[in-house]
J.: 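My questions will all concern the structure given below.
Heavy atoms only: backbone and side chains are in, while hydrogens, waters and symmetry mates are out. Residue numbers start from 1 in every chain, and the chains themselves are labelled A, B, ... in the order their sequence lines are given, proteins ahead of strands.
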Number of protein chains: 2
Amino acid sequence: MIGMTVATLPTSRRSASPRRRAPQIIEATAMVFAERGFHGATTQDIADVLGIRQASLYYYFSSKEAALELVCLRGVEGFFETGKAIAARPESAQKRLSLLISSHLSPMLDRGNFVKVFLNERQHLPAESRRRIGRWSRGLERIFEQVIEEGVAAGEFRAGLDARLVTLAVLGMCNAASSWYLKENKGVPAIAAEFSNLVIDGLAIRPAKRRPSRR
Amino acid sequence: MIGMTVATLPTSRRSASPRRRAPQIIEATAMVFAERGFHGATTQDIADVLGIRQASLYYYFSSKEAALELVCLRGVEGFFETGKAIAARPESAQKRLSLLISSHLSPMLDRGNFVKVFLNERQHLPAESRRRIGRWSRGLERIFEQVIEEGVAAGEFRAGLDARLVTLAVLGMCNAASSWYLKENKGVPAIAAEFSNLVIDGLAIRPAKRRPSRR
DNA sequence: GACTTATTCTATAGGTCGATAGATAGAATT
DNA sequence: AATTCTATCTATCGACCTATAGAATAAGTC
């Protein structure tokens, strides 16, 4: 039944697309949730940003929790797929980890509020969607972990390191950026470069440093 | 006036100390705030944990916000002082940074909920106490930053690194531990060791590694 | 045992917020 | 022009939550 309508899609019948302002509404929602937290924010706050009445929001989402789910979805989408693609590349573990860090940071630029809400407010999602979204999250962790383990196996990274802890360290480092990205005046590439250097090379000066880039 | 009572402390007059259960009440409050967030938690939730009535809590704090402030205070207290003491030691920047990381992680053990609430919920404090607590926070950041800069000046750390970004990276890494410390089964010393290694030495194997310890 | 202080209780006021129902204005379609 | 669809509005209900007031009980103290 529902599938049929996809084939018989009546896109032609009406040129005026329904819910044209949906992106704008969800953007404002993300902003307000990012600023005050899910429970700290009221639907009135969101409406105020948009200049409409509180009740009008319910034309765009069926409940406040549903709105949170929409925001969180846009906060995670892409991370897993991009990460998987990077991990599968035929390059060194060092290079791939750098790319993972960089790609993990880049959504800060245009989806900072969505990412922030996902990171801080996903705990307040209804049980079902929280588990669904949690799966993606854990999938991404596993990608980092695996690349690190491969780096150890390939002799690029220190043997004996705890890949799980390193993963949590790197992700914690990157995710924290969502909380200070707007205040600090650093570009994403600069952050990514500094973080990569820190993780790959550390702070200490190497006795005989081999420049890995510039092939 | 207030100072006088300290000298004339009437501890002897009454053996029953007032607010004996205060520590227990604040502990339960921290637990509930850590679990559900400040606005997501109700005073009823806290009372349920303690097995008392919701209104009885107001014998121990004057408002929900005041309770948050109490929890946050115990979540930050000590960090700044300990950090300052470590930074002033006459040891290498490497060693001091390792100690800073370690001491920053150790409160996770016995005050995990307080730290977590401070990190995640301090934004909901009333303006005045938020600023006061924010000062300590920024003070601690400056301590990390300074040790890193001293490390660069002393030739221990890479020249040209962005001390501010490295500080944010290290703190983000450490603070994230508050969100996974209970789930993961790692001891604080193991976490501190892995994080120190990561920051000081990085992941990459050194061509000619000098073992810094074991004098 | 009377008195005092500490702690918890009952009851409820007062306010806020999410959500629903139905009306309306305007745009697009026929 | 009549009709249908989109988007927003007005009005309001009921639930929940913080905080207060004052009574009641428990735990010493003299």
Side-chain angles (χ1 to χ4, degrees), chain A residues 5 8-30 32-33 35-72 117 121 124-126 129, chain B residues 5 8-30 32-33 35-72 117 121 124-126 129:
Chain A
T5 62
T8 336
L9 234 171
T11 332
S12 50
R13 268 208 55 230
R14 286 222 156 248
S15 67
S17 54
R19 271 149 244 240
R20 214 175 319 182
R21 294 209 344 171
Q24 208 180 328
I25 270 79
I26 198 68
E27 192 100 24
T29 305
V32 172
F33 283 174
E35 205 161 89
R36 313 202 181 188
F38 176 65
H39 286 294
T42 68
T43 51
Q44 183 67 60
D45 294 334
I46 301 169
D48 287 346
V49 169
L50 292 161
I52 61 176
R53 301 284 163 169
Q54 177 259 339
S56 304
L57 290 171
Y58 285 78
Y59 179 69
Y60 293 96
F61 47 73
S62 58
S63 72
K64 199 187 172 194
E65 278 184 346
L68 177 61
E69 189 170 350
L70 284 177
V71 172
C72 284
V117 170
E121 313 297 334
H124 300 117
L125 283 168
S129 53
Chain B
T5 62
T8 337
L9 233 170
T11 333
S12 50
R13 268 208 57 234
R14 287 226 156 244
S15 66
S17 53
R19 272 151 244 243
R20 211 176 322 181
R21 295 225 299 170
Q24 209 181 325
I25 270 79
I26 198 69
E27 193 101 25
T29 304
V32 172
F33 283 174
E35 205 161 89
R36 314 202 180 188
F38 176 66
H39 286 295
T42 68
T43 50
Q44 183 66 62
D45 294 334
I46 301 169
D48 287 347
V49 169
L50 293 160
I52 61 175
R53 301 284 162 167
Q54 178 262 339
S56 304
L57 290 171
Y58 285 77
Y59 178 69
Y60 293 96
F61 48 73
S62 59
S63 71
K64 199 187 171 193
E65 279 185 345
L68 177 61
E69 188 170 352
L70 284 178
V71 173
C72 283
V117 170
E121 314 296 333
H124 300 118
L125 283 168
S129 52

J.: Using C1' atoms of five pairs at each end, report the bend of the helix from dG1(C)-dC30(D) to dT30(C)-dA1(D) rounded to 10 degrees.
T.: 10°
J.: Roughly, in whole Å, what's the span from CG in Leu50(A) to C1' in dC9(D)?
T.: 15 Å
J.: Applying the side chain to side chain contact (heavy atoms under 4.5 Å, CB included) criterion to Ile46(B), which one of Ile52(B), Ile26(B), Leu57(B) satisfies it?
T.: Leu57(B)
J.: Calculate the interatomic distance between Ile25(B) atom CD1 and dT7(C) atom P; express it in whole Å.
T.: 9 Å
J.: Rounded to the nearest angstrom, tell me the gap between atom CD1 in Ile52(B) and atom P in dT7(C).
T.: 11 Å
J.: What closest approach, in Å, do Glu121(B) and Leu68(B) show between heavy atoms, and which atom pair accounts for it?
T.: O-CD2, 3.8 Å
J.: If you measure from NZ on Lys64(B) to NE2 on His39(B), what distance do you get to the nearest 0.5 Å?
T.: 6.5 Å
J.: Closest approach of Ala30(B) and Val117(B), non-hydrogen atoms and distance?
T.: O-CG2, 3.6 Å
J.: Can you measure Asp48(B) atom CG to dC9(C) atom P for me and round it to whole angstrom units?
T.: 11 Å
J.: Would you mind reading off the distance between Arg20(B) atom CZ and dA6(C) atom P, rounded to a whole angstrom?
T.: 11 Å
J.: How many angstroms lie between CD in Gln24(B) and OH in Tyr60(B), if you round to the nearest 0.5 Å?
T.: 8.5 Å
J.: Is it true that a side-chain atom of Arg36(A) and a backbone atom of Thr42(A) form a donor plus acceptor pair closer than 3.5 Å?
T.: no
J.: Which heavy-atom pair separates Tyr58(B) from Ser63(B) by the least distance, and what is that distance?
T.: CE2-CA, 3.9 Å
J.: Has Tyr60(B) got a side-chain N or O lying under 4.0 Å from the OP1 or OP2 atom of dT8(C)?
T.: yes
J.: Ignoring hydrogens, what is the shortest heavy-atom contact between Gln54(B) and Gln44(B)? Give both atom names and the distance.
T.: CB-OE1, 3.5 Å
J.: Which atom names give the shortest non-hydrogen contact between Asp45(B) and Gly40(B), and what distance separates them?
T.: OD2-O, 4.2 Å
J.: Can you give one letter per nucleotide of nucleotides 10-23 of chain D, 5' to 3': B if a protein heavy atom sits under 4.0 Å from the base, S if only from the sugar-phosphate, - if neither?
T.: BB-----SBBB---
J.: Please tell me if Tyr59(A) has a side-chain N or O lying less than 4.0 Å from either OP1 or OP2 of dT8(D).
T.: no
J.: Taking only side-chain nitrogens and oxygens of Arg21(B), does any of them come within less than 4.0 Å of OP1 or OP2 of dA6(C)?
T.: no
